[in-house]
There are 2 protein chains.
Amino acid sequence: MTTRPTIKEVSKIAGVSFKTVSRVLNNEKHVSEETRRRVEEVVAQLNFRPSHAARILAGRRSFQVALLYDNPSPYYVFHIQAGAMERCGELGYRLLMQPVDTTARHLVQDVLALVDEAHLDGLILSPPLTEMPELIDALDKRKLPYVRIAPGLRKNHGLATAMDDVAAAREITRHLIDLGHRAIAFVSGPESHVSSKDRMAGYRQELEAHGIAFDPSLVIAGDYSFASGGAAAKALFVRTPRPTAIFAGNDDMAAGALAAAHEADIAVPEALSIAGFDDSDLARAVWPPLTTIRQPVRQLAYAAADLMLSGKAVVQQLTLEHELKVRATTGPAPTP
Amino acid sequence: MTTRPTIKEVSKIAGVSFKTVSRVLNNEKHVSEETRRRVEEVVAQLNFRPSHAARILAGRRSFQVALLYDNPSPYYVFHIQAGAMERCGELGYRLLMQPVDTTARHLVQDVLALVDEAHLDGLILSPPLTEMPELIDALDKRKLPYVRIAPGLRKNHGLATAMDDVAAAREITRHLIDLGHRAIAFVSGPESHVSSKDRMAGYRQELEAHGIAFDPSLVIAGDYSFASGGAAAKALFVRTPRPTAIFAGNDDMAAGALAAAHEADIAVPEALSIAGFDDSDLARAVWPPLTTIRQPVRQLAYAAADLMLSGKAVVQQLTLEHELKVRATTGPAPTP
DNA sequence: CTGAAAGCGCTTACAG
DNA sequence: CTGAAAGCGCTTACAG
């Protein structure tokens, strides 16, 4: 393997001290136009790139942050990565993408170890890492800059970007009520996810705002998986009267419910309306396409990186807009 | 921000030279059991982790490799990352996940720049980067270790892991022929993807092996997207007689065709069989669940990292098994 | 505007 | 089995 060129070789060829090359690389003032040009020429000619390791070691900052996640959804992870990567790149930071195991016993220690090993300047946390009090406390204590995407807990603590799950759930519930539905079932996500609790709270609030009594027997516990959505739907199908609408806490479960409806030969949306949450890739791939809430996943991550790194943030917490996407799985309630 | 402990602080507390601490950290021989224990105690107590930057700078190797990708599929990227990450971790390497822009004019230069900046010990390439001759040539010239996942071109060149697209496409075509189908349409992926060409070649070979003439008008060009699968299906639906089966080059396009069939009120699989390729998340989320080929994406990446880093590889190219997943979108050809 | 010295936190190569 | 010296490729702080 050929060895990389170094700053000294560049300086030798350009006929200046290596300190001057360093100045050019860092866009510092006090370099004559001609010297700058000459150095830049040599840099381009050798395709020279300074060693990150050397810069990190010598400098006060690493210009390196990590995105921590532990999420089973490829869709979610992909877009979180893309959004964070984009903003970090624009601001001159490198982004390390770090899957972590939130069930590990030494999670906090592992994260702090990573911070030390990589000399991280900051951390971007995504759910469910945003909901771990021990982690938050440890980072605060360490005085390490960090930002949370969708903080379930302590929503007004530190830097964070989020959408309003409660309001979004109310909107989609209202959409169903406006279509004439009264017996609306809710398929919840895992107990431990605050997002799931928030969505259920929104569902319940909106029902009650319309004078519809909340019926706990219409709430089925799922776990955000396709299979759990199908199982929940099947449990609902044997009830008489059958609910006329199902609001699932995410798109995977909604797709599971939709498949169960197809299997049971229940027409969607004519006999049953189904709504999801997220607007993931799935939402447009199933048939009929899902009515759902568009969650601005990519933007949430982009804004999170910006909040932490741009130095121009005027707020600590930022709430981004969601959007109700009415597609084809919801329709007027069937007349009894 | 609290500053990290260093090897010198550890050595001071443990009462040894910092060189001895270095020996313990690197599991070198010639350290007395007692000294080792004492050092390890201090390391644990301080939660000390050595600086990657310092190690990279001082050592001959960085124990750092990068995974390069430019793929629009969250499913694919997620599993490639997971597989590569797992094997790298097991072998003591760090994995940098690097999205790259394959349409950039200076792609090769950018990749080599990354190699220099991060002192990379090697590169894992995924499609479509595996199919760029200039990149391959540049890496060979640089004598930089690399491995390709699913090399479309020069399949017997260098380290690579792959599945047999041609054989898999033959299998799924045979499955349809065995069900009595004769008018089988094929929806291709983008021209530029070798995987797409291979799948089409398999389709054609299997038809001909069964004495079924290849009919170019039954081949519709898609681009691996859901929308293109729907458009292709609609174009096929207006033909008389209508083909009784559609083999789409990937699951997204198969899902698009399936949605189009639902919309046109064509029963699947009673009136039309549809098969996909990949066994992505989509395959089980649509209804009916898709018959498809399971592509061992995660294992391909795992094996690729192993091939490059374990030092125990006995072959240069490794072909992993695919699997025909017969689910519910394929059935007996309708009797005319 | 430019440069020589010191140092970042480790590993390597050499001694003892 | 253990240690002191040199050096990796840069930035920082100080001079001129």
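The chains referred to below are lettered A, B, ... by the order of the sequence lines, with proteins before strands, and numbering in each begins at 1.
D:dC1 atom P lies 15 Å from atom CZ of B:Arg37, rounded to whole Å. To the nearest angstrom, P of C:dG9 lies 7 Å from NE2 of A:His119. For the pair B:Glu34 CD and D:dC1 P, the computed distance is 13 Å after rounding to whole Å.
Residue A:Thr20 has a polar side-chain atom (N or O) positioned under 4.0 Å from OP1 or OP2 of C:dG3. Contact between the side-chain N/O atoms of A:Thr35 and the OP1/OP2 oxygens of C:dT2 is found at a separation under 4.0 Å.
Taking the side chain of B:Ser17 as heavy atoms from C-beta on, and the options C:dT2, D:dG3, C:dG9, the nearest nucleotide is D:dG3.
Side-chain contact, B:Thr102 with B:Tyr69: no donor N or O sits under 3.5 Å from an acceptor N or O. With 3.5 Å as the limit, one finds no donor-acceptor pair spanning the side chains of B:Gln81 and B:Tyr76. Looking at B:Asp101 and B:Thr103, their side chains do bring a donor and an acceptor atom within 3.5 Å of each other. B:Arg55 and B:Asn26 are linked by a side-chain donor-acceptor pair at a separation below 3.5 angstrom, with hydrogens and angles left out of the test. A donor atom on one side chain and an acceptor atom on the other are not found under 3.5 Å apart for B:Tyr146 and B:Thr130. Of the N and O atoms on the side chains of A:Asp281 and B:Tyr75, not one donor lies less than 3.5 Å from an acceptor on the other residue.
Between B:Phe63 and B:Tyr93, the ring-plane angle classifies as tilted under the 30° and 60° cut-offs.
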List the steps and the verdict of side-chain contact (heavy atoms from CB on, under 4.5 Å) for A:His119 and A:Gln64. CA-CA 7 Å; A:His119 302 249; A:Gln64 205 160 243; 5.6 Å; no

Given protein heavy atoms under 4.0 Å, the one-letter contact record of nucleotides 10-16 of chain C, with B base, S sugar-phosphate only and - none, is simply BBB----

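Residue B:Val31 is the one, among B:Val31 and B:Leu57, whose nearest nucleotide of DNA chain D lies closer to the 5' end (criterion: closest heavy atom).
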Whenever both distances are under 3.5 Å in a Watson-Crick or G-U wobble pair, mark it; put DNA chain C into dot-bracket that way, with [ ] for crossing pairs and | when the partner is on another strand. |||.||||||||.|||

